[in-house]
Amino acid sequence: MVDLAGLELKELEDFVESLGHRRFHAKQLYRWIWKRGVTDFAQMTNLGRDLRAALGTAATVSTPEVVRRDVSEDGTQKFVLRMADGRQIESVFIPDTPAQTFCVSTQVGCAMGCAFCLTGRMGLVRNLSAAEITAQVRLLARTLDLLDKSFNIVLMGMGEPLHNYDATMKALRMLNEPVGLALHPKRITLSTVGLVPMMDKLAQEPLMPNLAVSLHAATEETRGAIVPLNRKYSMQDVIDACKRFPLAKRRRIMFEYVMLAGVNDSNEDARKLVKVLAGVKAKVNLLPLNAAAGIPFERPDDARVNEFAKILVDRGLMVSVRKSRGRDIRAACGQLIVEGQGRQSAAQRLAAEL
Ligand code: SAH
Ligand code: SF4
């Protein structure tokens with residue numbers, strides 16, 4: 001069985017041809033799957049009976065199962081999805097920000113181990129395929145009746161997208177496909193913790209999403225303490241990669257900065273951050289920590305966040321403070337974790353041995 005959920009249009013054309021049918025039917029098929037959210041070949045009424053029968057025996061369209069759906073007081077919705085191998089991921093719908101936004105995962109867990117992030121606690125379980133990345137969009141849009149509406153996508157769910165580069169890029173091409181959802185790359189934001197070689201590779205791509213970079217500190221020392229990857233690619237390496245990153249007119253790189261009380265939230269940090277970002281077309285997005293059990297940091301109070309923001313604004317930076325949407329359902333940034341499927345904890349290992 002060929003899984004059509006993971007095929008780009010040109011691959012689907014080859015497949016349709018291999019079944020002995022004309023290539024143009026692939027466009028109809030792609031439209032059914034991606035624009036209408038239909039996965040049952042029997043319902044694809046403009047395809048001939050022969051083709052539908054051939055598809056029925058040779059192909060499937062895999063779609064994860066929604067095992068849980070939580071709705072926050074603020075309208076944010078968190079979906080827990082189970083994939084074919086039983087692994088689970090989370091995807092989040094954030095309404096009216098001002099557009100509708102889907103926050104999508106690229107990996108089960110994450111290898112990067114940032115000190116304040118629950119997903120990092122899981123370690124990397126596995127990469128998602130392009131089928132699994134795009135299916136989150138298809139499934140959420142269909143469930144929420146948004147297939148015909150415009151929406152944005154942020155690759156800010158579980159995982160580090162540039163650590164699963166090929167599948168992520170294929171997913172972007174599939175979402176961009178004009179006969180499908182035709183999502184413009186301007187509507188997609190890729191967030192990375194700073195895998196410098198992959199940032200340079202991204203800079204060569206014909207389909208360029210908006211770039212967000214998780215900076216989180218204004219000195220190498222502080223960044224090294226909370227972002228382990230900083231020991232491999234220093235903050236300065238990341239900033240240099242940003243400086244050579246090609247940006248369309250009026251575009252900026254968004255620098256995410258998780259604010260941790262007493263760690264990176266002083267006025268001095270704010271002034272250093274201004275210097276670090278000098279010469280970069282930047283905007284700063286401050287993310288006051290979303291606390292969670294097992295995360296050894298605290299969220300600064302609003303007055304601290306505002307004073308920090310004011311220093312940046314007074315020195316000419318564009319700044320926004322991210323609202324923590326969906327905190328009551330643990331859907332906010334850094335709170336995505338699917339219990340019980342990460343690497344075994346020492347306690348679990350011990351229990352298994354006994
Ligand atoms: N791996 C990518 C994208 C996913 S994380 C990255 O790190 O950029 C999306 C954003 O949520 C990142 O900026 C991340 O640093 C932030 N984040 C992680 N844990 C958080 C927490 N506990 N509170 C607030 N933001 C957090
Ligand atoms: Fe991975 Fe991003 Fe979490 Fe860091 S913040 S552990 S890179 S998901």
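These values consider heavy atoms only, across backbone and side chains, with no hydrogens, waters or symmetry-generated copies. Along the sequence shown, the residues carry numbers beginning at 1. Indexing begins at 1, ligand by ligand and atom by atom, following the structure's order.
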Closer than 4.0 Å and a protein heavy atom, does any atom meet both conditions relative to atom 6 (S) of ligand 2?
yes

Determine yes or no for a side-chain-to-main-chain donor-acceptor pair under 3.5 angstrom, with Gln136 supplying the side chain and Ser105 the backbone.
yes

For a quick check under 3.5 Å, do Gln107 and Asn127 share a side-chain donor-acceptor pair by atom type?
yes

So, 4.0 Å and heavy atoms of Gly157: is ligand 1 close enough to count as a contact?
yes

Ligand 2 contacted by Ser214 (non-hydrogen, < 4.0 Å)
no

Show which atoms of ligand 2 fall inside a sub-4.0 Å distance from at least one heavy-atom site of Gly113.
6 (S)

Between Met156, His216, Met254, which one has a non-hydrogen atom sitting closest to atom 14 (C) of ligand 1?
His216

Does ligand 1 have any atom sitting under 4.0 Å from a heavy atom of Ile295?
no

Is there an N/O/S atom in Cys117 that lies less than 2.8 Å from atom 3 (Fe) of ligand 2?
yes

Minimum heavy-atom distance Glu220-Asn230, with the two atoms named:
OE1-ND2, 3.2 Å

Enumerate the atoms of ligand 2 whose separation from the nearest heavy atom of Met112 is less than 4.0 angstrom.
1 (Fe), 7 (S)

Where ligand 1 meets Leu287 - atom numbers and elements under 4.0 angstrom, heavy-atom basis:
16 (C), 25 (N)

With a cut-off of 4.0 Å, which atoms of ligand 1 are near a heavy atom of Leu289?
21 (C), 22 (N), 23 (N)

Is there at least one pair of N or O atoms, one from Phe116 and one from ligand 1, spaced under 3.5 Å apart?
yes

Check ion pair Lys10-Glu13 (N to O, under 4.0 angstrom)
no

Among protein heavy atoms, which lies nearest atom 1 (Fe) of ligand 2, and at what distance?
Cys110 SG, 2.3 Å

In ligand 2, the atoms that come under 4.0 Å of a heavy atom of Gly120 are 6 (S)

Can you tell if the side chain of Leu317 reaches within under 4.5 Å of the side chain of Lys283, non-hydrogen atoms only?
no

Proximal atoms of ligand 2 relative to Val193 (non-hydrogen, under 4.0 Å)
7 (S)

State, with a plain yes or no, whether a side-chain heavy atom of Met44 is found less than 4.5 Å away from one of Leu29.
yes

Test of understanding: given a 4.0 Å heavy-atom threshold, classify the contact between Val258 and ligand 1 as side chain, backbone, both, or neither.
side chain

I need the single residue from Arg82, Lys170, Arg126 that forms a salt bridge (Lys or Arg N to Asp or Glu O under 4.0 Å) with Glu132. Which is it?
Arg126

Check ligand 1 against Gly159 and write out every atom of the ligand that is under 4.0 Å from a heavy-atom position of the residue.
1 (N), 2 (C), 3 (C), 4 (C)

Non-hydrogen side-chain atoms of Val276 and Met235 separated by less than 4.5 Å
yes

Answer yes or no: is there a donor N or O on one side and an acceptor on the other, between the side chain of Asn152 and the main chain of Thr101, under 3.5 Å?
no

Residue selection (non-hydrogen contact nearest atom 10 (C) of ligand 1) among Glu256, Met259, Met112, Glu160
Glu256

Less than 4.5 Å apart, any side-chain heavy atom of Thr168 and any of Pro161?
yes

Mind checking whether Arg322 has an N or O less than 3.5 Å away from an N or O of ligand 1?
no

Heavy atom of Gly120, distance to ligand 1 below 4.0 Å
no

Of all protein heavy atoms, the one nearest atom 4 (Fe) of ligand 2 is Cys114 SG, 2.4 Å

Looking only at atom types and distance, does a side-chain atom of Arg68 sit under 3.5 Å from a main-chain N or O of Val80, one as donor and one as acceptor?
no

Within ligand 1, which atoms have a heavy atom of Ser214 less than 4.0 Å away?
6 (C), 7 (O), 8 (O), 12 (C), 13 (O), 15 (O)

Which of the ligand 1 atoms, numbered from 1, are nearer than 4.0 Å to a heavy atom of Thr192:
8 (O)

Quick check against the 3.5 Å criterion: does Thr143 have a side-chain atom that pairs as donor or acceptor with the backbone of Leu139?
yes

Could you check whether Arg22 pairs with Glu17 (Lys NZ or Arg NE/NH1/NH2 to Asp/Glu carboxylate O, under 4.0 Å)?
no

